[in-house]
Enquirer: 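Dumping the structure here so I can ask a few things about it.
Note that ligands are numbered from 1 as they come in the structure, with each ligand's atoms numbered from 1 the same way. Reckoned from all heavy atoms, side chains included, excluding hydrogens, waters and symmetry mates. Along the sequence shown, the residues carry numbers beginning at 1. For clarity, every value in this text was computed on a predicted model and none was experimentally measured.
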Amino acid sequence: MAKVEVAAVSTREDCLALDEGDALAAQREQFTLNEGEIYLDGNSLGPVSRAVSTRVNQVISTEWGRGLARGWSEAGWMEMPVRLGDRLAPLIGAQPGEVLVADTLTFMLAKLIGGALDLRLDRHVVLTDVANFHSDLYIVQAMAARAGRPVTVKAIERRALESELSDDVALVMLTQVDYRSGEALDMKAITRAVHGAGALMLWDLAHSAGALPLDVTDAGVDFAAGCTYKYLNGGPGAPAFVYVRSAWQGVLQNPLPGWLGHARPFSFESDYEPAKGMQSFVTSSPPVIALAALDGALDVWDHVTIDEVRAKSLALTDLFIQLVETRLPGIFDVVTPREHEKRGSQVALRHPDAYGVVQALIECGVVGDFRAPDIARFGFAPLYLRYVDVFDGVERLVKVMNNERFLDPRFATRRPVT
Ligand SMILES: *Cc1c(COP(=O)(O)O)cnc(C)c1O
């Protein structure tokens with residue numbers, strides 16, 4: 001992996017020089033970005049690329065526009081969930097036929113949790129992280145309550161995991177990169193420990209896919225799922241991806257069956273018989289326009305590697321941390337781990353007025369976001385961010401902090417989406 005050393009970088013010129021030598025620099029022009037704005041929120045919603053517009057327009061004008069219902073057979077719409085799964089598979093280290101794109105993430109987690117609980121009928125505990133994303137916590141509790149036997153969800157501190165593993169644990173569900181702190185967990189070591197206790201492992205890769213290299217095969221992961229609208233730039237509400245290890249296919253059952261996961265959907269049979277492979281995890285009609293947008297968004301991976309993206313991501317986050325600490329010493333608590341192997345592709349800064357800081361910064365053209373209670377969160381997407389953007393972003397942050405704009409009473413009330 002090409003390493004980019006940023007320790008010696010201190011000036012705007014240094015950053016411009018890094019951009020000069022950046023192999024990924026050319027990708028930026030594929031994306032629609034606002035002139036003068038520095039977008040550090042691609043970990044929440046990635047921007048639109050040209051290939052997305054082209055592919056979506058093709059569906060609207062030709063496949064749907066002219067083909068109408070013929071599109072289902074002639075334009076390959078039915079195959080899209082499996083085909084896009086195969087396209088995405090290398091990004092998480094999966095094999096062909098192990099990934100599907102359908103639903104949105106919370107629904108996919110429901111399917112995996114429900115199916116997994118049926119594979120360990122003699123066990124009664126699900127372990128998850130108390131700091132997990134709230135939607136993951138809601139759905140795991142709801143599925144456990146409907147397991148058909150008493151199942152307890154224990155939301156524990158991450159460091160207590162090993163001591164909580166027992167022969168009553170059916171499933172462990174963790175998010176690999178923490179959405180708040182940006183901490184990355186060791187997928188392989190944790191999966192091994194979980195298997196050592198005879199439990200199944202489900203990883204949420206929402207903040208990992210497209211941000212760092214993953215190898216679900218080597219890590220022995222049973223099941224995984226993630227978003228495609230964060231670092232994969234699939235668009236607002238883009239469908240989720242789901243991974244089921246080949247060894248579990250035909251064994252793990254989709255608890256939410258529908259006609260398009262049936263072995264013969266157009267026989268209109270009254271009893272369900274699952275299709276072979278990942279297709280059985282499809283429930284309903286594929287969202288063709290959304291899938292077409294994702295299809296276009298994945299084009300960029302034909303030209304870049306995840307290792308290149310990771311090397312630049314670490315350099316960008318190193319640079320951001322270094323500049324924040326030298327330009328604004330003692331102002332923020334950097335929550336994100338310094339060790340590269342423990343870091344995702346975002347940096348979280350703790351500050352008592354984090355909401356005001358983020359809002360004031362947005363008014364200065366630097367878009368980050370706020371996560372309650374006190375985190376200002378900045379995502380670094382190497383496909384379209386430049387080193388000079390990091391430099392300029394921190395300079396604008398310095399202005400916001402120095403003139404105390406973040407204390408403006410307008411920021412005392414929060415918007416619905418923070
Ligand atoms: C973004 C995110 C989600 C969002 O789920 P949707 O059902 O797609 O809205 C869920 N879990 C985690 C960990 C996330 O980061």
Side-chain angles (χ1 to χ4, degrees), residues 40-47 81 84-85 88 91-92 99-114 126-143 153 155-156 158 171-185 187 190 201-212 214 216 221 223-243 255-256 281-284 286-287 290-291 293-294 297 335-336 343-348 368-372 375 377-381 416-418:
L40 304 181
D41 209 15
N43 53 324
S44 177
L45 179 66
L84 292 191
L88 199 148
L91 284 174
I92 63 165
V99 181
L100 178 81
V101 178
D103 309 316
T104 34
L105 180 51
T106 309
F107 284 95
M108 251 330 157
L109 292 174
K111 291 181 179 180
L112 291 175
I113 295 162
V126 179
L127 296 180
T128 190
D129 181 352
V130 69
N132 209 339
F133 194 72
H134 46 349
S135 200
D136 298 41
L137 294 175
Y138 305 155
I139 201 67
V140 73
Q141 290 172 65
M143 294 310 289
V153 176
I156 58 169
R158 232 167 274 158
L171 176 70
V172 177
M173 179 180 91
L174 296 173
T175 298
Q176 199 241 342
V177 175
D178 184 291
Y179 77 98
R180 216 187 264 116
S181 69
E183 179 183 355
L185 302 182
M187 195 158 77
I190 293 174
M201 185 72 223
L202 163 55
W203 285 102
D204 184 328
L205 302 177
H207 286 275
S208 313
L212 58 159
L214 296 163
V216 289
V221 173
F223 318 116
C227 298
T228 63
Y229 49 79
K230 292 171 178 162
Y231 294 99
L232 294 174
N233 310 314
F241 68 86
V242 57
Y243 163 80
L256 295 172
F281 272 77
V282 175
T283 300
S284 352
L291 287 165
L294 177 61
V335 176
T336 305
R343 192 191 304 162
S345 199
Q346 66 173 63
V347 176
D369 63 18
F370 166 78
R371 286 296 174 263
I375 298 285
R377 195 174 72 147
F378 302 99
F380 295 84
V417 177
T418 62

Enquirer: With a cut-off of 3.5 Å and sequence neighbours excluded, list every side-chain donor-acceptor pair involving residues 129-136.
Expert:
unit_1	atom_1	unit_2	atom_2	d
D129	OD1	A131	N	2.8
D129	OD2	R158	NE	2.5
D129	OD2	R158	NH2	2.9
N132	OD1	T175	OG1	2.6
N132	ND2	T128	OG1	3.1
S135	OG	T106	OG1	2.8

Enquirer: Would you mind reporting whether F223 and M201 have side-chain heavy atoms less than 4.5 Å apart?
Expert: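 In short, these two side chains do not touch, never coming nearer than 4.5 Å.
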Enquirer: Hey, does M173 have a side-chain heavy atom less than 4.5 Å from the side chain of D204?
Expert: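 Answer no - side chains too far apart.
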Enquirer: Any side-chain heavy-atom pair from W203 and M187 closer than 4.5 angstrom?
Expert: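 Heavy-atom side-chain distance check passes, below 4.5 Å.
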Enquirer: Using a 3.5 Å cut-off on N/O to N/O, what pairs does ligand 1 make with the protein? A line per pair would be great.
Expert:
unit_1	atom_1	unit_2	atom_2	d
ligand 1	7 (O)	T106	N	2.9
ligand 1	7 (O)	T106	OG1	2.6
ligand 1	8 (O)	L105	N	3.2
ligand 1	8 (O)	Y229	OH	2.9
ligand 1	9 (O)	Y229	OH	3.4
ligand 1	11 (N)	D136	OD1	2.7
ligand 1	11 (N)	D204	OD2	3.3
ligand 1	15 (O)	H207	NE2	3.0
ligand 1	15 (O)	K230	NZ	2.5

Enquirer: Is the shortest side-chain heavy-atom distance between K111 and F281 below 4.5 Å?
Expert: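 Heavy-atom side-chain distance check passes, below 4.5 Å.
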Enquirer: Under 4.5 Å between any side-chain heavy atoms of L291 and P239, yes or no?
Expert: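 They are in contact (side-chain heavy atoms under 4.5 Å apart), so the answer is yes.
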